[in-house]
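Computation of the quantities below employed the complete heavy-atom set of this structure, encompassing side-chain atoms and omitting hydrogens, waters and symmetry-equivalent molecules. Below, chains carry the letters A, B, ... as their sequence lines are ordered, and counting in each starts from 1.
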Amino acid sequence: MKTILRLSEIDETAKSLVGGKAAALAEMAAGDLRVPRALCLATDFFDRFLDMTGLRDEIFMEYHRKRFEDMRWEEIWDLSLRIKNMFLHTPLPSELSHQLRPRIDRTFRNRPVVVRSSAIGEDSAQFSFAGIHESYVNVRGTDTILKHIKLVWASLFSDAAILYRNETGLDINASKMAVIVQEFINGQKSGVAFSRSPTSEAHMMIEAVHGLNQGLVDGIVEPDRWLIGRRDGRIWSYTPPVTRKSIQADSEGITPSELSQELAERAPLTDREIQGIYRLSRSVERLFGPPQDTEWTYAKRTLYCLQSRPVTTAAVDGDSQRQWYLSLKRNMENLMELRDEIEGHLIPEMQNIAREMEALDLSDLTCQELADELAKRQATFDHWRDIYWEKFIPFAHGVRLFGETYNRQVMPEDPYEFTQLLVATNMQSLERNKMLAGLATFYTTRVMTAAKGSGGETEATAEFDRMLDDFLKTFRNPLWGLDSGPKHRDSIIKLLKQMGDRQPTRPATAHSRKRLERRFLASFPEAEAPHARKLLDLARVSYKLRDDDNIYLGKIEGQMTAALDESKRRLGNRLPVAYQTLNAEEAILLLKNPRLKPSGTAKRQFRGKDVTVTPRQLLGQPAGSGLAAGTARIIEKPEDVFAFTAGEIIVCDAIDPNMTFIIPIAAAVVERRGGMLIHGAIIAREYGLPCVTGVPDAVDLIKNGQHIVVDGYLGIVTVSRDESEEATADTA
Amino acid sequence: MNLESRLKRLFRFQKLGVLATQQERTPYTSLVAFASSDDMRHIVFATPKATRKFANIRSNANVAMFVDNRSNRAVDFRTAIGVTALGSVRQIPKRKNSSLMKHYCTKHPQLASFLASPSCAFMCIDVRSFLIVERFQNVTEIHLG
């Protein structure tokens, strides 16, 4: 059977191999409805591509590198990014290319096209993948079309698609993707028609926008909306949007565009056009039977049907799940709004709150007042942690948006090359580390030398104290021990001695960053360069905030911890066992009830006494290239940071941005939490350290003092039984 | 499923394992039908006494046994599990009501007459540790006290 088909060639036998979207287009074309000219690549073509190139096995290996249930959403995005890069770097075998190229040339010549997904089961009544897979609009030229066909195939493995399939129980390994290459209709007004309104059985609904309908489908352009009687076509209600925006075709692709004042004030459709869409929608429903969700566009006076699918009957639950996964994708406009909110309001507010709390002397409070203050601080922290999830984490998608664009445009071998363009953007933690490095140099060259008898000890110490005070004022956070008390001062001095003994590795040069930036910008047509610059700028802010936001939140958490510490001090000998594990709720109860006794907590045993489980090789994700051997230092609590010795390997659950000041003197980083854009990975790459993230149970399985080898190229951590094994660890 | 469960499942379902023995620095491997105790501390197999592996064991009781579930397809790189059991082996009496004998005969009923032969020895590996390789490069060791 043919694997490249015109719509007229899609018969009953072919329907199961072209996906629901292509089958529907074929049926509409056969039913004399006006649909754009199209070619369809059946799933057999996709299968042959995967099998002839060996990509199927590569994807399978990548997909199963880690158990799905152990992966965080960031890791799933990473997985998706790596698979997408595999597709981009795998050329179409010549046999397939010789079949496809002439068909595209003949059918479309040099006219622009839309490359759409048509996955099997994609648009059924049970599942709606609308928006989950990718479509590319206004693509021109055979080479570019071939590249976008591969991108559509790759979207079968987008993070949203992976998560949605997992949630709905669909087997990703059995998933297949057909692709439609469809003539691009540059419509002046477009939209969606539901032949039965989702909210009322007696009505149908038309949504319309000026320009193309991608903005409407993606939810960034609010449509004009009409509710129309299903039987008689009478308009029952009309709802205009708050503001009218538009998406228009660019020289390549599409772009948000300002509407003229005249259009911005005018509904996109005339009554006559509404009746045209009503008739189209009714015809489509008659053709298929069940109510339809039909995308249409008017090019001049001609009405085209772009695609149609059954209105999903999967209950609201299914759709809300899909919506949540779709929310993982953020568009630039939405991110720009978030940026304004975060930079203009949220961060200043967080700083003010932390400053206000810091100004209060906790030792002046009665126990009752302290309990109230602790409750208030806990509630404040909880509130800001929620905001962190709602606003700051979504804003991190600016990095993802840039990464995906960079890889699509530049097609680098390393799918994380784009991060080099984002580093060194004056992150708070880098500033702090720089100040600490200055303190370390001063302490080891001036204070210690003076103490050995070269003179001026008093002056040097006074100067050092002044510098240390400045530092603590800027980066005060009791959570990680950076407090001004004598105990912490000693700890900081111990750390400074370590830092003074060892110069940290410096990050990527500005030169290579400039080169990559030029390469990225040159990959766009000149007219789109400003948009590309804007995206890069947004990604840099997003990348910087990914680190800084935790520092701001850390300051609030630090004030909560300060109140908790004061509570523990007051509660004193009432806390013989559970002192370290006391949480705010328990402390509040104890402060308010002097006669209440705390309960102790038992530590969970991992296994029986005579059985020990030890790791030999732990598989994670390569997050910073390089190979390093050294002693493991488990960091679980603040004190551990100050026990750290230069040259050790940090092993932790998750690098907290508040503790990244030890990274410059570490040999490598191993982290349980996975992902390429997490703090540990960001900072380790910044300093050029080998880093492996996403190692399940890293903190439980690796012990303090064990010799380990961190392979940041392959993402493997090898635990040596003795040092002599280190040399051969990479060949184990 | 946790590691211990995965390990037990593998040893329950796989019928054959590769036994590694040695004689004066010369390694030797043989495919053997095995069964294991519920607590995984013992692995039993049967061998004719005239074999090279039996001679090797008599000379050096330290052995390794490799058990895996590969299917000779690309998926093995991610889904196969390979386990090396390290320990020392000894010959044990063939008592019909012993639990190890029952385990062996339940798993390999077709080998009952083979095992019953006077020329066949019933062997037991006392396992000291397991080295478990999963997902291509993930290696964990379990040491039994």
Exercise. Begin from the C-alpha positions of A/Asp57 and B/Phe77 and carry the test side chain to side chain contact (heavy atoms under 4.5 Å, CB included) through to its verdict.
Key: CA-CA 9 Å; A/Asp57 292 343; B/Phe77 287 99; over 6 Å; no
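- At a 4.5 Å heavy-atom cutoff, B/Ser129 makes no contact with chain A through either its backbone or its side chain.
- Taking CD1 of A/Ile716 as the start and CG of B/Asn138 as the end, the distance is 9.0 Å to the nearest 0.5 Å.
- To the nearest 0.5 Å, atoms CD (A/Gln617) and CD (B/Glu134) are separated by 12.5 Å.
- Counted within 6.0 Å of CD on B/Glu24, heavy atoms from surrounding residues, nucleotides or ligands total 12 or fewer; the atom is thus considered open.
- Contact detail for B/Gln137 and A/Leu619: the closest heavy-atom pair is CB-CD1, 3.8 Å.
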